Protein chains: 2
Amino acid sequence: MATPSNHTQTADETIHGRGLRMTDQRRAVYDVIMGERDHPTAVEVFTRVRSKVPTISLATVYNCLDTLTGCGLVKTVAHERESARYCPNLEEHAHFFCEACKAVTDLPLRSRKKPEDVWEFPGEFAIASHEVSFSGTCPKCSAKPAKSNKR
Amino acid sequence: MATPSNHTQTADETIHGRGLRMTDQRRAVYDVIMGERDHPTAVEVFTRVRSKVPTISLATVYNCLDTLTGCGLVKTVAHERESARYCPNLEEHAHFFCEACKAVTDLPLRSRKKPEDVWEFPGEFAIASHEVSFSGTCPKCSAKPAKSNKR
DNA sequence: ATCTAAATAGGAATAATTCTTGATAAGGAC
DNA sequence: GTCCTTATCAAGAATTATTCCTATTTAGAT
Ligand SMILES: [Mn+2]
Ligand SMILES: [Mn+2]
Ligand SMILES: [Zn+2]
Ligand SMILES: [Zn+2]
């Protein structure tokens, strides 16, 4: 899965469309995120990217992540007070945070369902975005006795 | 609304039930949060509490908030990377963050609706908790041209 | 080849929160 | 009431993720 070679063209266009440049650093950060379906932190992206662009700085990784997020090519995921994570999945979805193994799982929206139908809005609220996160124990960790997964 | 004198008894019992003491600081922090239906940050709680307990320190406010949250007497609300907010509403609800006036509004769960029915869980996930936040423009701010509310 | 604005590396700065520590106070045993 | 044990507190230092700053480099246009 994950075909960065295909996405690259579109990402370039999107970046260019904003009057920005697709630099080596930005492409490397983008490829790292699209290359896995996990939700790495900025530091994790940093360490992965350094194999391709060894001179990149953490500040640049933050800048690139910011740019990519601003262009809608990547999503930022916040969970409690933890460090931000970055997500390659652009479909509408929620997240499950496993308290045992710390893995983050995408939860796709069920068809025909709408988050705004579940809660009551006392007035005319203009919803620009929403973020939904569940936490608990993931299937892998529920099965096994204690913490036994990688990471 | 808001009858802290009534809650106090129960809060005391809850605190005692955990082998903890209801100190002046803890009661003051608790009363401050229950006294309004907004969602103050730790620093806002700090400044409000100082009128009752002028010698309290910010670290103690953080400790008290932590204790109260741990006892289930108060909820912690996280939104993106912003500072944590604290909520007196113990009912299940989501939050709306107005990007214009920064107000936080409680969104009660509609009866018969369940958050976990909206998203698809690929496996046996044990849900311990969930947090849902919408953001956009609140009714007050949608009506008026630009930012014109207090705060 | 030259020019200009955007982008980067590296390090300093910021801000929210947590940690550390010595002093204080509450509650129970006697 | 006095003594003892332990929880709690205040104050400030430390931590950590993220942002800011600035001199230097680079991409892209002319
Ligand atoms: Mn995701
Ligand atoms: Mn609330
Ligand atoms: Zn797990
Ligand atoms: Zn508003």
Side-chain angles (χ1 to χ4, degrees), chain A residues 8 11-30 32 39-47 49-71 73-86 97 102 104, chain B residues 11-30 32 39-47 49-71 73-86 102 104:
Chain A
T8 308
D12 273 41
E13 291 170 0
T14 306
I15 294 260
H16 288 148
R18 300 245 179 166
L20 303 174
R21 304 169 189 163
M22 179 52 100
T23 62
D24 288 353
Q25 289 87 345
R26 282 176 183 160
R27 193 190 318 277
V29 167
Y30 179 70
V32 156
H39 296 77
T41 63
V43 171
E44 286 168 341
V45 171
F46 179 51
T47 61
V49 161
R50 280 213 278 193
S51 49
K52 297 195 77 170
V53 186
T55 60
I56 198 170
S57 71
L58 179 56
T60 297
V61 169
Y62 272 107
N63 282 337
C64 293
L65 290 169
D66 224 50
T67 303
L68 293 171
T69 301
C71 291
L73 293 168
V74 158
K75 279 185 180 172
T76 305
V77 180
H79 180 59
E80 296 177 355
R81 303 270 87 236
E82 296 166 17
S83 32
R85 294 174 171 276
Y86 298 87
F97 294 83
K102 304 296 178 195
V104 181
Chain B
D12 272 42
E13 290 171 0
T14 307
I15 294 260
H16 289 149
R18 300 244 179 166
L20 302 174
R21 303 170 190 160
M22 179 53 101
T23 62
D24 288 352
Q25 289 87 344
R26 282 176 183 158
R27 193 190 316 278
V29 168
Y30 179 70
V32 156
H39 296 77
T41 63
V43 171
E44 287 168 342
V45 171
F46 178 51
T47 60
V49 160
R50 280 212 277 191
S51 48
K52 297 196 79 172
V53 186
T55 60
I56 198 170
S57 72
L58 179 56
T60 297
V61 169
Y62 272 107
N63 282 336
C64 293
L65 289 169
D66 223 50
T67 302
L68 293 171
T69 300
C71 291
L73 294 168
V74 158
K75 278 186 181 172
T76 305
V77 180
H79 180 60
E80 296 178 355
R81 299 281 78 241
E82 296 166 16
S83 30
R85 294 173 171 276
Y86 298 87
K102 303 296 176 196
V104 182

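Note on naming: letters A, B, ... go to the chains in the order of the sequence lines (proteins, then strands), and numbering restarts at 1 for each one. Quick caveat: nothing in here was measured; it's all calculated off a predicted structure.
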Students should find that the nucleotides of DNA chain D closing off the region near chain A, any atom under 4.0 angstrom from a heavy atom, are D/dA17 to D/dA27
d(B/Leu65 CG, B/Leu73 CG) to nearest 0.5 Å is 11.5 Å
Q. Is it true that a side-chain atom of B/Arg18 and a backbone atom of B/Gly70 form a donor plus acceptor pair closer than 3.5 Å?
A. yes
Q. With side chains defined as the heavy atoms from C-beta onward, is the minimum distance between B/Val77 and B/Tyr86 less than 4.5 Å?
A. no
To the nearest 0.5 Å, atom SG of A/Cys71 lies from atom NE2 of A/His16 at 10.5 Å
To the nearest angstrom, the CD1-P distance between A/Ile56 and C/dA7 comes to 14 Å
_Is there a side-chain contact between A/Thr23 and the phosphate of C/dT8, meaning an N or O under 4.0 Å from OP1 or OP2?_
yes
- Are A/Lys52 and A/Asp24 within salt-bridge range, i.e. N to O under 4.0 Å? no
Rounded to the nearest 0.5 angstrom, the NZ-CZ distance for A/Lys102 and A/Arg85 is 9.0 Å
Counting primed atoms, P, OP1 and OP2 as sugar-phosphate and everything else as base, the B/S/- map of nucleotides 15-21 of chain C against protein heavy atoms under 4.0 Å is -SBBB--
Main chain of B/Arg21, side chain of B/Arg26: is a donor-acceptor contact present, judged purely on distance under 3.5 Å? yes
Atom CG of A/Leu20 and atom C1' of C/dA5 are separated, to the nearest Å, by 12 Å
Rounded to whole Å, CE of B/Met22 lies from C1' of C/dA25 at a distance of 17 Å
Comparing A/Ser57 with A/Arg21, nearest DNA chain C nucleotide closer to 5' gives the residue A/Arg21
Separation of C/dA26 atom C1' from B/Arg27 atom CZ, nearest Å, is 14 Å
Rounded to the nearest 0.5 Å, the OH atom of B/Tyr30 sits from the CG atom of B/Leu68 at a distance of 8.0 Å
Comparing A/His16 with B/Val61, nearest DNA chain D nucleotide closer to 5' gives the residue B/Val61
